Amino acid sequence: MHESLDPASPQARLILVMGVAGSGKTTIGKRLAARLAYTFIDADDFHTSEAVARMRSGVPLSDEMRDEWIERVAAALAEHYRQRTNCVLAFSGLRARHRRRLMQLGFRTSAFLLSGERRLLAQRIAGRHDHFMPARQLPRQLATMEPVQASENIASVDIDAEPDAIVDALVAKLAS
């Protein structure tokens, strides 16, 4: 399913860590990037201030706003690709077309969908105080998440474990 890790490869590698709010994308992505000595990128950093204000107030983004956001993320990743920088991207991956867009940038790409029970996601969101996504947005995110198709080659990962155990599992999957 995933290409083995080959540090000698001339082609840059991209690892997508996806999921709805509260799934641990940033925590897992940062730890995975540190473990592999890859550059960590958080797609949330590419939202406009208008988009962040909308989400903070509980108003979902329009498809146009999401598409513009993905293009900013893709442009940043394209620069990393040109520089042959290996990256881990924390990215919601709610829309299949956005997942496809980022997987077609030329990287050797592996993708993981962090998933868990709604109660666990809600508990995690309620426990954080440094993020713009309010807990009341979780049902919308879950409804917006388009199902992953087998052809997308995205591995599902259960989030009901300690972060280091999840990272260990991801590293093992990447090495297989």
Side-chain angles (χ1 to χ4, degrees), residues 1-7 9-29 31-33 35-36 38-44 46-47 60-82 84-118 120-121 133 137-161 165-176:
M1 178 180 289
H2 299 283
E3 297 176 36
S4 63
L5 298 173
D6 180 5
S9 175
Q11 187 179 16
R13 183 179 192 98
L14 173 63
I15 302 170
L16 299 175
V17 179
M18 300 178 288
V20 298
S23 63
K25 299 177 296 290
T26 301
T27 299
I28 300 304
R31 289 182 187 202
L32 181 61
R35 175 91 56 93
L36 299 174
Y38 284 15
T39 296
F40 174 74
I41 302 168
D42 192 333
D44 283 348
F46 294 87
H47 282 299
L61 298 181
S62 68
D63 280 340
E64 181 181 341
M65 292 176 91
R66 283 190 183 109
D67 290 345
E68 291 169 358
W69 166 64
I70 290 303
E71 287 309 311
R72 287 189 297 276
V73 173
L77 286 171
E79 184 58 33
H80 284 288
Y81 179 77
R82 281 190 286 282
R84 292 190 177 98
T85 305
N86 295 318
C87 301
V88 173
L89 175 71
F91 152 70
S92 60
L94 300 178
R95 299 284 193 207
R97 72 178 180 276
H98 297 156
R99 298 187 299 254
R100 281 191 305 273
R101 173 74 176 101
L102 297 182
M103 292 173 128
Q104 296 172 346
L105 291 171
F107 287 91
R108 290 179 302 137
T109 303
S110 298
F112 300 98
L113 177 64
L114 303 179
S115 56
E117 293 183 20
R118 181 182 285 229
L120 178 57
L121 295 165
M133 184 67 73
Q137 286 284 76
L138 179 59
R140 280 195 190 110
Q141 282 225 321
L142 291 168
T144 303
M145 174 61 86
E146 295 177 356
V148 171
Q149 304 300 312
S151 62
E152 291 183 273
N153 201 24
I154 297 172
S156 184
V157 178
D158 188 349
I159 62 168
D160 195 11
I166 294 170
V167 171
D168 289 344
L170 296 182
V171 169
K173 287 181 186 225
L174 288 165
S176 64

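Note: hydrogens, waters and symmetry copies are ignored here, and every other heavy atom, side chains too, is used. Keep in mind it's a predicted model, so treat the numbers as computed, not measured.
Within the model, atoms CZ of Arg72 and CG of Asp67 stand 10.5 Å from one another, a figure rounded to the nearest 0.5 Å. Here Arg99 contributes atom CZ and Ile70 contributes atom CD1; the two are 10.5 Å apart, rounded to the nearest 0.5 Å. One finds the CG atom of Leu32 at 11.5 Å from the CG atom of Leu89 (value rounded to the nearest 0.5 Å). Separation of atoms CG (Leu114) and OG (Ser92) is listed at 11.5 Å; rounding is to 0.5 Å. Note that CD1 of Ile28 and CD1 of Ile166 are 4.0 Å apart. Values are rounded to the nearest 0.5 Å.
Of the charged side-chain nitrogens involved, at least one lies within less than 4.0 Å of a carboxylate oxygen, so that Asp63 and Arg95 count as a salt-bridged pair. Residues Glu71 and Arg101 are paired through a salt bridge, judged by an N-O separation under 4.0 Å between the basic side chain and the carboxylate. Taking 4.0 Å as the cut-off between side-chain N and carboxylate O, Arg35 and Asp168 count as a salt-bridged pair.
Residues Thr26 and Phe40 have side chains in contact (heavy-atom distance under 4.5 Å, counting atoms from C-beta outward). You'll find the side chain of Ile15 stays beyond 4.5 Å of the side chain of Leu170, heavy atoms only. Side-chain contact check for Val157 versus Phe112: some heavy-atom pair is nearer than 4.5 Å. Side-chain atoms of Phe107 and Leu77, non-hydrogen and from C-beta on, do get closer than 4.5 Å to each other. In this structure, the side chains of Arg13 and Leu36 stay at 4.5 Å or more apart for every pair of heavy atoms.
For the residue pair Val167 and Arg31, the shortest heavy atom distance occurs at CG2-CB, 3.7 Å. A pairwise comparison of heavy atoms in Lys173 and Ala155 identifies NZ-CB, 4.4 Å as the closest pair. The shortest heavy-atom contact between Ala12 and Tyr81 is CB-CD1, 4.3 Å.
Glu68 places no side-chain N or O within donor-acceptor distance of the main-chain N or O of Met65, the cut-off being under 3.5 Å. Under a 3.5 Å cut-off, the side chain of Ser23 and the backbone N or O of Val20 do form a donor-acceptor pair.
Ring planes of Phe91 and Trp69: tilted class, angle from 30 to 60°.
Checking each of Leu102, Val148, Leu113 against Met18 for a side-chain contact (heavy atoms from CB on, under 4.5 Å) leaves exactly one that passes, namely Leu113. For the side-chain contact (heavy atoms from CB on, under 4.5 Å) test with Met103, the passing option among Asn153, Leu14, Ile154 is Ile154; the others fail.
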_Criterion side chain to side chain donor-acceptor pair (under 3.5 Å) on His80 and Asn86, from CA distance to verdict_ = CA-CA 8 Å; His80 284 288; Asn86 295 318; over 6 Å; no

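Heavy atoms of other residues, nucleotides or ligands lying less than 6.0 angstrom from CD of Glu79 number more than 12.
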